[in-house]
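The structure appears right after this line, and notes come after that.
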Amino acid sequence: MKKRTLLILILVLALFVALNSMFTVRENEYACTVRFSKIISTTAQPGLHFKVPFIDSVKYFSKATQLYDIPPSEVLTSDKQNMTVDCYILWSISDPKLFYQTLGSSSVAEQRLDALTYNELKTVMGTLAQSDIINMEDGAKRNTIYESIATDVDALAATYGIRVEDVKIKRFDLPESNLNAVYGRMISERNQMAEKYTADGNYEASIIRNDVDKQVNILVSDAEANAAKLEAEGEQEYMRLLAEAYDTEDKKAFYEFTLALDALKQSLKGDEKTVVLDGDSELARILAGAQ
């Protein structure tokens, strides 16, 4: 009975030792084996791993990119204007052993990143005037400023086993004393841009109007010239046809007589029936004979 109990105890102890000598690593984490407060090995390979039971412990660190929202802080521009910067940082652990030795935890890492980023922001913004930061230009032009901040912070954070992937500025806030001046400057810039657009539009409109007027004048001139040409050709053809139709003295006299009758008919329209004719005219003689 005692042997059986002893055997069970040995088995339980062996199982406990075996379980204490194994640990698992997930795909999204690092595992550091610590012995007497010192890291003796580091692994990023997921799966089952072994350690010395009761002596070694395992410290886990995430591989994932982490976001740290840095509290808003004030910076001073080169023209001595205060601005409040609100930004965040994307970071991850690149060297878990160095990270553990220098910082030890994510909370301490965020404090250090806060200080590094603020110092870099203060340095960079100190070289820029407020008008270089707040203006009507394309926002993409300021991306180079932000990229340089991220690059510099990453270089400093590398000594802690940290990789800084990006530093993004969410917004710039102005102190109350600067708001009116900045808004006034922005309104002035917008007015200048509006005046420029208006002047450019008027200039382009005048060019278009002048061109249209020129084309209209050309079309009207061409139309009048063509009309005059057609009228002259018509008159010429009319005279030719008359000449062909009345090519003898009798025909000519008859044509003149019909023209006189048409003139007389036109003059007798309306209430006025008095006609004054030359006594020697053929029409007067015919009318006198008819009477």
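With rounding to the nearest 0.5 angstrom, the CZ atom of Arg112 is 11.5 Å from the OG atom of Ser107. Separation of atoms CD (Gln101) and SG (Cys32) is listed at 9.0 Å; rounding is to 0.5 Å. Note that CG of Leu121 and CD1 of Ile149 are 4.5 Å apart. Values are rounded to the nearest 0.5 Å. One finds the OG atom of Ser73 at 11.5 Å from the CE atom of Met83 (value rounded to the nearest 0.5 Å). Between atom CD1 of residue Ile70 and atom CD1 of residue Ile169 there is a gap of 10.0 Å, rounded to the nearest 0.5 Å. Rounded to the nearest 0.5 Å, atoms CG (Leu116) and CG (Asp152) are 11.0 Å apart.
Every residue was checked against the side chain to side chain donor-acceptor pair (under 3.5 Å) condition with Tyr60, not counting sequence neighbours, and none meets it. With sequence neighbours left out, Lys229 forms a side chain to side chain donor-acceptor pair (under 3.5 Å) with no residue at all. Scanning for side-chain contact (heavy atoms from CB on, under 4.5 Å) contacts around Glu237 gives Arg240, Leu241, with sequence neighbours left out. Listed by chain and number, the residues in a side chain to side chain donor-acceptor pair (under 3.5 Å) with Ser148 amount to none (sequence neighbours excluded). Applying the side chain to side chain donor-acceptor pair (under 3.5 Å) criterion to Arg171, with sequence neighbours excluded, gives Asp173.
A salt bridge between Asp213 and Arg209 is absent, with no side-chain N of the basic residue lying under 4.0 Å from a carboxylate O of the acidic one. Using a cutoff of 4.0 Å between basic side-chain nitrogens and carboxylate oxygens, Lys97 and Asp95 are not scored as salt-bridged. Taking 4.0 Å as the cut-off between side-chain N and carboxylate O, Lys170 and Asp69 count as a salt-bridged pair.
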Verdict with reasoning, Thr65 to Trp91, per side chain to side chain contact (heavy atoms under 4.5 Å, CB included): CA-CA 6 Å; Thr65 299; Trp91 67 281; over 6 Å; no

Chi angles and distances behind the side chain to side chain contact (heavy atoms under 4.5 Å, CB included) call for Val85, Tyr118: CA-CA 9 Å; Val85 184; Tyr118 173 70; over 6 Å; no

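Within the 3.5 Å criterion, the main-chain N or O of Ala115 finds a donor-acceptor partner in the side chain of Asn119. Asn210 places a side-chain N or O within donor-acceptor distance of the main-chain N or O of Ser206, the cut-off being under 3.5 Å. Thr159 contributes a side-chain N or O that, together with a main-chain N or O of Leu156, makes up a donor-acceptor pair within less than 3.5 Å.
Heavy atoms of other residues, nucleotides or ligands lying less than 6.0 angstrom from CD of Gln236 number 12 at most. Within 6.0 Å of CD in Glu231 there are 12 or fewer heavy atoms belonging to other residues, nucleotides or ligands.
Listed here is the closest heavy atom pair of Glu74 and Thr84: CG-OG1, 3.6 Å. Of all non-hydrogen atoms in Ile93 and Ser62, the two that sit nearest each other are CD1-O, 3.8 Å. In this structure, Thr42 and Pro96 approach most closely via the heavy-atom pair CG2-CG, 3.4 Å. Among all heavy-atom pairs drawn from Val164 and Val153, the shortest one is CG2-CG1, 3.9 Å. What you find for Cys87 and Thr117 is that their closest heavy atoms are SG-CG2, 4.3 Å. Heavy-atom minimum distance, Glu29 versus Lys63: O-CE, 3.3 Å.
Clustering of Ile, Leu, Val, Met, Phe, Trp and Tyr side chains at separations under 4.5 Å places Val216 together with Ile208, Val212, Val220.
Using modelled atom types and a 3.5 Å distance limit, the side chains of Asp114 and Tyr68 yield a donor-acceptor pair. Between the side chains of Gln66 and Ser92, no donor-acceptor pair of N or O atoms lies under 3.5 Å.
Linking ILVMFWY side-chain heavy atoms closer than 4.5 Å, directly or via other members, places Val108 and Val34 in a single hydrophobic cluster. Cluster membership check: Leu113 does not share its hydrophobic cluster with Tyr88, using side-chain heavy-atom separations under 4.5 Å among Ile, Leu, Val, Met, Phe, Trp and Tyr. The hydrophobic cluster containing Leu98 does not contain Tyr100, counting ILVMFWY residues as joined when their side-chain heavy atoms lie under 4.5 angstrom apart, directly or transitively.
Taking the six-membered ring where the residue is Trp, the centroids of Tyr160 and Phe99 are separated by 6.0 Å or more.
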